[in-house]
Amino acid sequence: MKETFYITTPIYYVNDVPHIGHAYTTIAADALARYHRMKGQKVFFLTGTDEHGEKVHKSATQQGVPPKELADRVVTRFQGLTPALHITNDDFIRTSEPRHYASVQALFQKSLANGDIYLGEYEGWYCTPCESYWTDLQLAEGNCPECRRPVEKRKEPSYFFRLSKYQKPLLDYYERNPKFIRPESRRNEVVSFVAGGLNDLSLSRTSLSWGIPVPGNPGHVIYVWYDALTNYLTGVGYPDGGERFDTFWPADIHLVGKDILRFHAVFWPAFLLSAGMTPPLGVFAHGWWTVEGQKMSKSLRNAVDPYEIVKIYGPDAFRYFLLREVPFGLDGDFSRKALVHRINSELANDFGNLLNRSLGMLGKYFSGTVPSPGQPGEEEQALRAKAEDILQKVDEAMEELELGRALATIWELVKAGNKYVDQTAPWALAKDPARRERLGTVLYTVLEAARICVLLSAPCIPVAAQRMWEALCCEGAVEKAVLSSAGRWGGLPEGATLARSAVVFPRIEE
RNA sequence: GGCGGUGUAGCUCAGUUGGUGAGAGCAUGCGGCUCAUAUCCGCAGUGUCCGGGGUUCAAGUCCCUGCACCGCCA
């Protein structure tokens, strides 16, 4: 097993406030980061904000404030996701920070020095009011696609990146690293895009001031995507290097939405190869959410506010729903009805109730003291084998970033636990004093199975898992537990006295 | 227009290299239990596996073709 794990979210553009899409990427990255920590790996988890570029500059101008001030205001909305969603990012990077300027300029300098970045001339259709260039194809009946006003042919000096030179190296890299782009279907799209030929990429603008200046030519501002992508290096200490950088680069996973896959799977590795750096090991593109069956749009004003959902349903329910509802990589639909349904049937009825009924019987029959299990019978052996199998299967799913499948797998054990209780009918055993040892074995077994479920679900539903972990009198924080030892059967402390805990997942009345 | 993908129970989808009567979850109906947040467990289904043709002893699984939908590119 690799000893380190570096995962990132994209940096979020401060022109917008957080919605379900941001929350989704961040939550998924968090679940993966938490899981890898529980595997005992050293993890670095980075998120942050993208603060440069035309759109931010324009919004700021409209509001009559400097762009930095706008960014300072909006960034708090993104930073607030960390406590609200119980995210465990190790750093939060803002592209307006000095450390990032140094990083972008250093990387740029490398490619400038070896000739992969050269000064040329950019030509396109320019819309003065929008301060934007458009290509022939983007034009709407010859006019600006955004404001519909006429455009003019315009030229400006620009630095270019010799992307064309990297077609072959990129295809080689994809070939050698079949899991670099996932899911598979996205990989095929990227490969055919690159195979179709690459044009050099304009890397600077003279028409904009809100950004990072080209080293040695401050009249130019570096292209926002070059600036933004480099955050993944800055976050681990580039260009100074140091322990953090040596430990974590190259990144294991850049988690992205499918709309920005090309930047991460084509441009970014090319920039890095040019600068003599190792490209990331993986880019995973997840799907998009519709809301109540409709596309999210500003005109429909149907964006889901993560803060509001968390206020109503709590962070675990929100996290669980997003991760469980859809196979990771595909699109999904967010609806209150589906959310409530999953909360009630899976969290409350299946999982919450398993713990609750077990603790209830333990209190009733053993005054809450965990008995020592006797000789395991066939049913006990079966449940234990199931738990061990599930541990393995969850690991396979998590390694493939299949978070939904991982949860579905955990729930197989939850259901097996409930079935075991019905099969062994402890309430019947309790009526016969001669079968007291058997009763103890049954309760130990079901509680132990529940403990494994808590352990495995902790990366996805950390707050609830911690409460359940404590209810089972397990030591320390569940997030600090290491799967290889804590996942071993028999970790439930014998002789401990467990109180009947408060309901962890309350049902939601519809 | 080019490349790629998908089409399986009411819904969302699994279905290894072709081979026992085609599956899971949800929803539906019926039955059982009572420890539990009226929770849990069991049983029952229903399917021209998109249409057509072909290869084979044997195809949801391979080939050809048609239709529909989706993605990427132009």
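The basis for the numbers below is simple: all heavy atoms, side chains too, and nothing from hydrogens, waters or symmetry mates. Chain identifiers are assigned alphabetically (A, B, ...) following the order of the sequence lines, protein sequences preceding nucleic acid strands; residue numbering begins at 1 within each chain. Computed from a predicted structure; not experimentally measured.
- Using a 4.0 Å heavy-atom distance criterion, A/Tyr365 is classed as a sugar-phosphate-only contact.
- Within 4.0 Å of A/Gly352, counting heavy atoms only, lies at least one base atom of the nucleic acid.
- The separation between A/Phe334 atom CZ and B/U12 atom P is 19 Å, rounded to whole Å.
- Note that CD1 of A/Ile390 and CG of A/Leu413 are 5.5 Å apart. Values are rounded to the nearest 0.5 Å.
- For the pair A/Asp395 and A/Lys39, the salt-bridge criterion is met [side-chain N within less than 4.0 Å of a carboxylate O].
- Taking only distance into account, the side chain of A/Asn356 never meets the base of B/A36 through a donor-acceptor pair shorter than 3.5 Å.
- In this structure, of B/C72, B/C26, B/A36, it is B/C26 that holds the atom nearest to the side chain of A/His341.
- Closest contact between the side chain of A/Arg507 and the listed nucleotides B/U39, B/C72, B/C40 involves B/U39.
- When the options A/Tyr166, A/Phe263, A/Tyr226, A/Tyr232 are evaluated for a ring-ring contact (aromatic ring centres under 6.0 Å, His included) with A/Phe271, the one that passes is A/Tyr226.
- Backbone-only contact: A/Arg500 has heavy atoms under 4.0 Å from sugar-phosphate atoms and none from a base.
- Checked against B/G4, B/U37, B/C41, the side chain of A/Asn188 finds its nearest nucleotide in B/G4.
- B/C3 atom C1' lies 15 Å from atom CZ of A/Arg187, rounded to whole Å.
- Nucleic acid contact class of A/Asn418 (heavy atoms, under 4.0 Å, all strands): sugar-phosphate only.
- Contacts of A/Lys415 with the nucleic acid, taken as non-hydrogen atoms under 4.0 Å apart, involve only primed sugar atoms and P, OP1 or OP2.
- Ranking B/C72, B/C35, B/U37 by closeness to the A/Glu189 side chain, first place goes to B/C72.
- Comparing atom distances between the A/Trp427 side chain and each of B/U39, B/U34, B/A36 picks out B/U34 as nearest.
- Residue A/Ala348 is the one, among A/Ala348 and A/Asp422, whose nearest nucleotide of RNA chain B lies closer to the 5' end (criterion: closest heavy atom).
- Using a 4.0 Å cut-off, some side-chain N or O of A/Lys419 falls inside it from OP1 or OP2 of B/G42.
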